[in-house]
Amino acid sequence: MDNALLINALNWSYKKLSSIKTSLYILGALSFLYVIGTIFPQGGDLGEYAAAGGKFVFFVKAFSLLQLFTSPIFLVAALALSLNLFICTIERYPALFQRRKPAQRYVPTRSLYLTQGLTQAYSDTRKTLSEGLGFKVVSKDAEWISMEKGPILSYRALTWLYHAGMALCLIGLLLTYLFAYEDTLTLSLGQATPVETKEIGRLLKPFGISPKPGFSLLLDSFTTEHVQSPRLKYPKDKPSRLAIGLGWQGLTHEMNDESLFTKDWRSGLKVIKGGLAVKEKEIEINDPLKYGGYTFYQAGFSQTVKIRVNDNPIPLSANLEDELAVPGLDAPLKFKELKAGMVQRPNGSMETLTPYTIARQPVTGADGKKKYIDAGRLELGSPVIIDGVRLTLVDFEESTVLSYRFDPGFPMLWWAGIFVLIAMTIRFFGAWYFISYNITESGNIVCLDLYVEAKGIPADCEGLLTKIEHMLTRGDIKPDPVNPLR
Amino acid sequence: MPLKTPERRGCAVSPVSLPGALKNMSEIELLLSRTTYLLSVELRLFWLIAFVYGISFLLFILHILTRSTSMGKAAHSLMWANALLHVGLIVFRTFEAGRAPFQTLYETLSWFAASAALTYLIVAEKFRGVYAPGALVSGLSMGACMYALVSRSPSIEPLSPPLQSYWFEWHVILAFFSYAVFVVSASIEATYLAVKPLLTRSGGTCLGLTMDTIERFRSRAFKLVLFGYPLLTFAVFSGAAWANDAWGRYWSWDPKETWSLITWTVFTMYLHSMTMQRFNGRFASALNILGFVCMMMTFLGVNWLAKLLGIPSLHVYAV
Ligand code: HEM
């Protein structure tokens with residue numbers, strides 16, 4: 001009895017999961033979850049959420065709304081869509097090799113009276129459709145003859161192919177979910193740093209298996225490139241903006257030493273294995289290094305400046321995120337990003353920049369908030385006096401920050417995605433026609449009933465019917481179409 | 001490969017200091033005044049374009065209210081002239097900036113307005129005599145232009161490192177092409193939803209449509225979604241490929257990414273429902289309009305939602 005119940009339940013589930021209607025509900029549920037995921041800050045902490053005045057602590061906790069996209073509720077919805085897609089794809093596979101069954105009776109899309117006799121009408125229609133328009137017969141019964149026409153494959157095969165492609169994408173996503181891991185790595189110039197994975201994929205984590213990449217990375221060079229470009233001084237208030245548009249007020253641009261935009265930064269990397277450099281590449285954002293299944297990306301860089309205070313032989317060291325207390329100064333200093341490397345001038349010429357940074361001091365603004373104002377520009381080797389204290393930028397250090405990732409799901413997702421796009425594009429941008437015709441004679445009147453279905457953007461049923469009518473009635477004195485809405 | 005001693009490139013101390021490098025001041029002044037002049041011309045034209053979209057919008061509304069065909073025709077012709085001028089302005093900006101004109105929100109708003117208007121005008125050639133969908137499109141184009149002019153800076157800045165990728169251009173071009181197509185599809189669907197009940201009740205002709213032509217008119221909305229859907233799919237795909245190159249992760253569930261997925265999912269639902277007899281009527285129409293709303297959320301609404309909730313970014317703890 002229990003077995004029968006289980007079998008019934010499985011049958012019912014299978015039936016539901018093979019229906020396109022179910023896909024509508026599941027996609028709807030997923031959309032709803034996605035929306036929720038954009039409202040609640042993903043990756044956040046429940047304690048912080050509550051402390052910041054979050055109003056839905058109960059729901060956030062119960063449904064893991066701060067980790068929604070790895071929560072059970074989301075995984076169940078994603079699993080349901082995957083099952084739905086797999087079952088639909090498998091279910092519809094045999095239909096690709098079956099001939100399309102003729103309907104019991106088609107409601108004609110258009111009917112034409114022909115002046116030919118019945119036999120001649122049959123022969124002319126077949127000739128027009130097959131030789132004139134390139135249709136191929138797919139089925140025949142006592143009344144209706146059905147024909148199809150399309151670019152390559154049938155549209156059903158293409159629809160099936162891109163659904164199958166999407167199923168493969170889901171497998172790629174699953175591989176990413178189970179095995180992918182990522183971390184960051186900070187490299188200083190000239191130092192070889194072993195790549196060690198602390199984070200491991202979800203599937204390996206419970207078993208404590210930690211992959212050993214077995215190689216090191218050496219930062220061989222670090223380069224930054226800037227471009228000097230004018231800055232627009234644009235008013236913030238709307239009336240002034242309108243006044244500029246009407247020509248009542250002018251615009252201004254300014255360009256000075258600080259009008260530098262960072263255009264690029266590059267890290268020259270070497271992969272060291274067994275004491276030898278086995279690969280080298282200069283990476284930048286959008287151009288990572290790939291080695292041993294790992295990809296290393298240029299994530300950022302960090303800088304430390306060395307400042308000599310008056311004639312003190314030991315310089316103070318400061319990183320850019322922190323304030324530096326300087327003996328003799330009432331307020332601490334904070335330094336802006338150090339600019340070094342190459343600069344492209346507005347006339348296109350390239351120059352090497354004398355490294356410099358801007359020292360800033362904190363002040364309390366009118367709104368009571370702390371902000372920083374520029375106190376002096378420190379160029380490498382050139383002393384500057386700030387509030388009676390002589391400061392010299394004597395040296396600096398730069399290190400590169402890389403993020404790296406191991407993701408065995410990406411190649412599958414990539415190739416399956418390309419496949420989906422190709423199949424979908426052909427399917428949507430091609431024109432497919434299915435036509436069924438039936439010729440009857442009553443008294444002396446020969447009538448051709450045409451039923452047409454079309455798929456694809458350029459497909460034009462009206463245009464096709466007009467063409468057929470024209471071709472069949474070309475020699476007639478006066479073709480006489482029957483009411484098309486019959 | 002033998003190891004070389006490391007070198008620190010680009011960090012060399014050079015005798016050329018920055019102020020010394022600005023040798024030829026007149027050259028720089030010339031550059032600044034040229035940049036300022038070109039931008040002033042651009043802004044004046046852009047205000048004019050926004051204004052003319054506004055006029056065509058008013059004429060479209062008058063056409064709907066009075067059923068006057070000549071109002072519709074006038075709005076349509078004005079929009080054609082304006083859209084062509086707008087395309088000219090975008091080409092001008094491209095030369096001015098020396099790069100593709102869709103890096104900032106100011107630029108993408110302008111691009112969005114022009115592409116929606118132009119797509120509508122091209123598609124409208126297929127249903128001459130029906131002008132009502134122009135109201136939504138011209139209204140949106142005007143709104144996008146005004147938003148760009150009033151709230152965004154027109155400044156031309158060099159491409160930041162993450163944007164220096166061929167994926168970026170393909171991603172943006174295809175995303176905005178699909179947006180334009182979805183705007184036009186929604187305008188047709190909305191016209192259909194408004195006119196169909198009137199025709200069912202009283203027959204005859206309403207805003208250039210009759211009972212015989214209205215379904216064929218609606219099929220344009222479906223074909224437009226068929227057209228836009230692969231473009232949107234490619235836009236999402238290329239965005240992921242780009243994120244993978246730039247940040248090392250193809251998907252981060254960032255609100256903008258997630259909204260693009262919502263838009264894509266809603267249009268998938270629309271296409272599915274159009275293949276089912278039970279759902280291909282009003283339900284499908286509602287999904288098409290919902291898809292358009294989601295698309296607007298992806299483009300602008302993510303920021304708007306953050307403002308509405310009174311939070312600087314969605315990634316804070318205030319909901
Ligand atoms: C990620 C999930 C899915 C996506 C993105 C998707 C996408 C699409 C699209 C764009 C169409 C319209 C194309 C056309 O008119 O031929 C379509 C049609 C269709 N889909 Fe899906 N689909 C998904 C899942 C499913 C599932 C789970 C089923 C299971 C029943 C399904 C069954 C169908 C069927 C039967 C059609 C109609 C095909 C036709 O008219 O020949 N799809 N799908």
Side-chain angles (χ1 to χ4, degrees), chain A residues 20 23-24 27-28 30-31 34-35 37-42 44 48-49 52-54 69 189-190 220-221 223-224 227 229-230 232 234 238 241 244-245 247 251 253 255 257 261 263-264 276-277 285-286 295 297 340-342 346 351-352 354-355 379-381 403 405 417 421 424-425 428 457, chain B residues 1 3 6-14 16-19 21 27-28 31-32 35-36 39-40 43-44 47 149-150 153 155 157-158 161-162 164-165 223 226-227 230 233-234 237 244-250 253 255 258-259 261-262 265-266 268-269 272-273 276 314-319:
Chain A
I20 185 172
S23 77
L24 214 55
L27 289 169
L30 275 171
S31 304
Y34 296 149
V35 174
T38 63
I39 293 174
F40 292 92
Q42 293 307 299
E48 281 178 50
Y49 172 79
F69 299 114
L189 262 167
D220 202 25
S221 64
T223 332
T224 41
V227 58
S229 144
L232 173 69
Y234 197 55
K238 295 177 174 71
R241 290 182 174 190
I244 289 172
L251 269 182
H253 275 93
M255 187 161 66
D257 303 351
F261 289 84
K263 205 173 117 193
D264 215 347
L276 284 179
I285 294 183
N286 287 313
T295 312
Y297 304 88
M342 302 300 287
E351 281 173 25
T352 305
T354 304
E379 247 179 50
L380 192 71
S403 69
R405 188 169 164 88
L421 276 167
M424 190 185 275
T425 306
F428 287 8
I457 300 164
Chain B
M1 240 183 275
L3 286 178
E7 54 175 301
R8 177 185 277 172
R9 263 186 279 156
C11 299
V13 182
S14 151
V16 189
S17 77
L18 193 64
E27 195 183 312
I28 287 173
L31 174 94
L32 290 183
T35 311
T36 305
L39 196 60
S40 314
L43 281 172
R44 281 181 212 184
W47 274 99
L149 283 164
V150 166
S153 164
S155 147
E157 281 167 14
Q164 293 161 24
S165 159
K223 285 203 172 181
L226 277 187
F227 191 98
T233 309
F234 191 87
F237 185 75
N244 193 60
D245 269 3
W247 297 298
R249 202 198 266 185
Y250 59 80
W253 293 110
T258 312
W259 271 103
L261 190 62
I262 297 169
T265 310
V266 171
T268 305
M269 289 168 70
H272 274 184
S273 62
M276 288 181 274
L314 287 180
H315 287 265
V316 292
Y317 304 101
V319 234

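Everything numeric here is computed off the predicted structure, so don't read it as measured data. Note on naming: letters A, B, ... go to the chains in the order of the sequence lines (proteins, then strands), and numbering restarts at 1 for each one.
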Residues that A/Asp264 engages under salt bridge (charged side-chain N to carboxylate O under 4.0 Å, His left out), provided they are two or more places apart: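 Partners of A/Asp264 under the salt bridge (charged side-chain N to carboxylate O under 4.0 Å, His left out) test: A/Arg266.
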Drop me the distance from [X]'s [atom1] to [Y]'s [atom2], to the nearest 0.5 angstrom.
{"X": "A/Arg241", "Y": "B/Leu149", "atom1": "CZ", "atom2": "CG", "value": "9.5 Å"}
{"X": "B/Leu261", "Y": "A/Thr38", "atom1": "CG", "atom2": "OG1", "value": "11.0 Å"}
{"X": "A/Leu27", "Y": "B/His272", "atom1": "CG", "atom2": "NE2", "value": "6.5 Å"}
{"X": "B/Ser155", "Y": "A/Leu232", "atom1": "OG", "atom2": "CG", "value": "5.0 Å"}
{"X": "B/Met269", "Y": "A/Leu24", "atom1": "CE", "atom2": "CG", "value": "5.0 Å"}

Where do [X] and [Y] come nearest, in terms of heavy atoms and distance?
{"X": "B/Pro162", "Y": "A/Asn286", "answer": "O-ND2, 3.0 Å"}
{"X": "B/Pro230", "Y": "A/Phe428", "answer": "CG-CD2, 3.4 Å"}
{"X": "A/Tyr34", "Y": "B/Thr265", "answer": "CE1-OG1, 3.6 Å"}

Chain A contact via B/Phe237 - which portion, at a heavy-atom distance below 4.5 Å: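 The answer is the side chain of B/Phe237.
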Interface moiety of B/Tyr250 toward chain A, non-hydrogen atoms closer than 4.5 Å: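 Only the side chain of B/Tyr250 comes within 4.5 Å of chain A.
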Are [X] and [Y] packed together at the side-chain level, in the sense that at least one heavy-atom pair is separated by less than 4.5 angstrom?
{"X": "A/Ile285", "Y": "B/Gln164", "result": "no"}
{"X": "B/Arg44", "Y": "A/Ile244", "result": "no"}
{"X": "B/Leu43", "Y": "A/Leu251", "result": "yes"}

Criterion side-chain contact (heavy atoms from CB on, under 4.5 Å) on B/Phe234 and A/Thr425, from CA distance to verdict: CA-CA 10 Å; B/Phe234 191 87; A/Thr425 306; over 6 Å; no
Between [X] and chain B, with a heavy-atom cut-off of 4.5 Å, which part of the residue counts as in contact: side chain, backbone, both or neither?
{"X": "A/Thr295", "answer": "neither"}
{"X": "A/Tyr234", "answer": "side chain"}
{"X": "A/Leu421", "answer": "side chain"}

Short side-chain to backbone donor-acceptor contact, A/Lys238 and B/Val150, under 3.5 Å: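 Looks like no, no N/O pair under 3.5 Å.
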Distance-only side-chain donor-acceptor flag, A/His253 / B/Thr36, under 3.5 Å: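 Per modelled atom types, A/His253 and B/Thr36 side chains form a pair under 3.5 Å.
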Listed partners of A/Phe69 passing ring pair (Phe, Tyr, Trp, His ring centres under 6.0 Å), at least two apart: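 So A/Phe69 forms a ring pair (Phe, Tyr, Trp, His ring centres under 6.0 Å) with A/Phe74, B/Trp253.
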Closest-packed option against chain A by number of heavy-atom pairs under 4.5 Å, given B/Thr258, B/Leu226, B/Leu39: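 When all of B/Thr258, B/Leu226, B/Leu39 are compared, B/Leu226 has the most.
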Closest-packed option against chain B by number of heavy-atom pairs under 4.5 Å, given A/Gly37, A/Ser403, A/Gly247: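 Highest number of heavy-atom pairs under 4.5 Å: A/Gly247.
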